[in-house]
Amino acid sequence: MSAKPYVGRFAPSPSGPLHLGSLVAAVGSYLQARSQQGQWLVRIEDIDPPREQAGASKVILKQLEQFGLHWDGSVLYQSQRLAAYQQQIDQWLYQQAAYYCQCTRKQIKAAGGYYLGTCRDLALHSDNCATRLSASRPIYSFNDQLAGEVIIPKALAEEDFIIKRRDGLYAYNLAVSLDDAEQGITEVVRGADIILTTGRQLAIFELLAKAAPNYLHLPLVLDEHGNKLSKQNHAPSISGKQNQQLLLQALRYLGQASEAGWLELSCEQILNKALANWQLSAIPKISLHSQ
Ligand code: GLU
């Protein structure tokens, strides 16, 4: 029996240009996919307009090209998948696998921080409500390709989580799982900041009765204060000129070999060298305790 062909992806949210943290995820997912002779897809996760920056999708795609990170097929935009998300939600509502919830964040916080299923049996209608998925088969742990067994806190695993927000926006966990299923992703390689959301995504795969991808979470790039570099805390974004340097920096974060002489090469040539030397086992292990 031949193994399923590898399909990987990079799925940036267009909340700003790529920065070193997102570049590490792009390079890591790209090299892992290519090392398996796999496809590498790009998906723009543009389902949260209030958090998006005008023009960022275009900038990100241009940056990827400039880094020599050439993707396969056409880019999938989540903003074009809303009908599919709604159709799945409607089906779950019909099957009573999902329900409407009117609780506010404040109420949930006052009740201890986790949502305790208050609205599950209230048969509410959609007005001014969020939609939650019943955690009928909670996922308490999963195997990460790098970190090994990851335990998900019980309260988090058992929480009926939001799949559509009260403001009408679709939730990340819903969109990401439906798209990973739709695109036939066999392995998700991404930053460790969202490692615990994996349980929710696995719960959705169970409900869909589809084979879930493998998950591999990469170490996060932290600033000098130990904070995650992100668009929100104004990580310096990457300018076109220092691309080779940044690629080498990303490779160092991934624990991969790099040589100063590579700076003379094109980005494509650097990636080819990195691919020839790619060692999954050299990626620094993430510390789950800092979550
Ligand atoms: N869109 C998410 C982000 O930019 C990544 C989601 C994922 O890779 O699953 O942080």
Side-chain angles (χ1 to χ4, degrees), residues 8-36 38 40-45 56 59-71 144-147 150 176 185 187-198 214-259 262-263 267-268 270-288 290-291:
R9 50 62 157 193
F10 174 56
S13 304
S15 50
L18 288 184
H19 53 75
L20 186 59
S22 39
L23 181 65
V24 167
V27 170
S29 59
Y30 173 88
L31 291 174
Q32 172 65 356
R34 296 301 189 221
S35 75
Q36 307 295 306
W40 186 67
L41 310 182
V42 170
R43 180 167 77 226
I44 299 286
E45 303 213 317
V59 172
I60 291 172
L61 294 176
K62 190 154 170 235
Q63 287 178 301
L64 290 175
E65 291 282 12
Q66 286 169 342
F67 280 112
L69 293 161
H70 303 301
W71 58 89
D144 184 89
Q145 300 300 305
L146 209 56
V150 177
V176 81
I185 303 299
E187 185 169 74
V188 169
V189 179
R190 62 185 174 197
D193 51 328
I194 42 181
I195 192 164
L196 292 180
T197 65
T198 308
N214 290 329
Y215 291 89
L216 192 165
H217 290 87
L218 300 170
L220 289 184
V221 179
L222 303 176
D223 66 13
E224 67 271 28
H225 309 295
N227 296 318
K228 182 198 156 198
L229 275 192
S230 75
K231 296 146 204 165
Q232 284 75 29
N233 56 22
H234 307 295
S237 58
I238 294 165
S239 90
K241 291 196 186 139
Q242 335 120 340
N243 286 350
Q244 279 88 338
Q245 247 163 3
L246 284 159
L247 267 185
L248 294 192
Q249 228 179 320
L251 289 172
R252 282 197 292 272
Y253 272 106
L254 290 166
Q256 304 299 307
S258 68
E259 289 168 27
W262 293 4
L263 275 178
C267 285
E268 275 89 351
I270 294 177
L271 287 172
N272 282 337
K273 294 251 181 218
L275 186 56
N277 289 294
W278 178 244
Q279 272 198 28
L280 197 57
S281 58
I283 301 177
K285 292 265 177 297
I286 55 170
S287 155
L288 291 170
S290 61
Q291 293 296 310

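The closest side-chain donor-acceptor pair between T198 and R190 falls under 3.5 angstrom. Judged purely by distance below 3.5 Å, without hydrogens or angles, the side chains of W262 and Q244 never pair a donor atom with an acceptor atom. Using modelled atom types, one finds a donor on one side chain and an acceptor on the other under 3.5 Å when comparing E268 with H70. Side-chain contact, Q256 with Q279: no donor N or O sits under 3.5 Å from an acceptor N or O.
Closest of all the heavy-atom pairs between P219 and I286 is CA-CG2, 3.3 Å. The two residues G28 and V189 make their nearest non-hydrogen contact at C-CG1, 4.0 Å. Residues G8 and I185 approach most closely at O-CD1, 3.9 Å, considering heavy atoms. For the pair L18 and S22, the tightest heavy-atom approach, listed with the atom from each and the gap, is CA-OG, 3.5 Å. P17 approaches V59 most closely through the heavy-atom pair CB-CG1, 4.0 Å. Closest approach of A192 and L220 over heavy atoms only: N-CD2, 3.7 Å.
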Evaluate side chain to side chain contact (heavy atoms under 4.5 Å, CB included) for R252 paired with S258, printing each intermediate quantity in order.
CA-CA 7 Å; R252 282 197 292 272; S258 68; 3.9 Å; yes
Dump the intermediate steps for side chain to side chain contact (heavy atoms under 4.5 Å, CB included) on I270 and L251, then the final yes or no.
CA-CA 10 Å; I270 294 177; L251 289 172; 4.1 Å; yes
Audit row: L248, Q245, side chain to side chain contact (heavy atoms under 4.5 Å, CB included) steps and yes/no:
CA-CA 5 Å; L248 294 192; Q245 247 163 3; 5.9 Å; no
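V176 places none of its side-chain heavy atoms less than 4.5 Å from the side chain of T197. Residues P12 and E45 have side chains not in contact (no heavy-atom distance under 4.5 Å, counting atoms from C-beta outward). Contact annotation: the side chain of L23 approaches that of V27 to within less than 4.5 Å [non-hydrogen atoms, C-beta and beyond]. Contact check for L20 versus Y253: side-chain heavy atoms found under the 4.5 Å cut-off.
Q32 CD to L218 CG: the interatomic distance, rounded to the nearest 0.5 Å, is 9.0 Å. N277 CG to S35 OG: the interatomic distance, rounded to the nearest 0.5 Å, is 12.0 Å. Within the model, atoms CG of L271 and CZ of F67 stand 9.5 Å from one another, a figure rounded to the nearest 0.5 Å. To the nearest 0.5 Å, atoms CH2 (W71) and CD (E65) are separated by 4.0 Å. Rounded to the nearest 0.5 angstrom, N214 CG and D144 CG are separated by 9.5 Å. Rounding to the nearest 0.5 Å places CG of L31 at 6.0 Å from CG of L275.
The aromatic rings of F10 and W40 sit parallel to each other, their planes meeting at less than 30°, with 60° as the upper class boundary.
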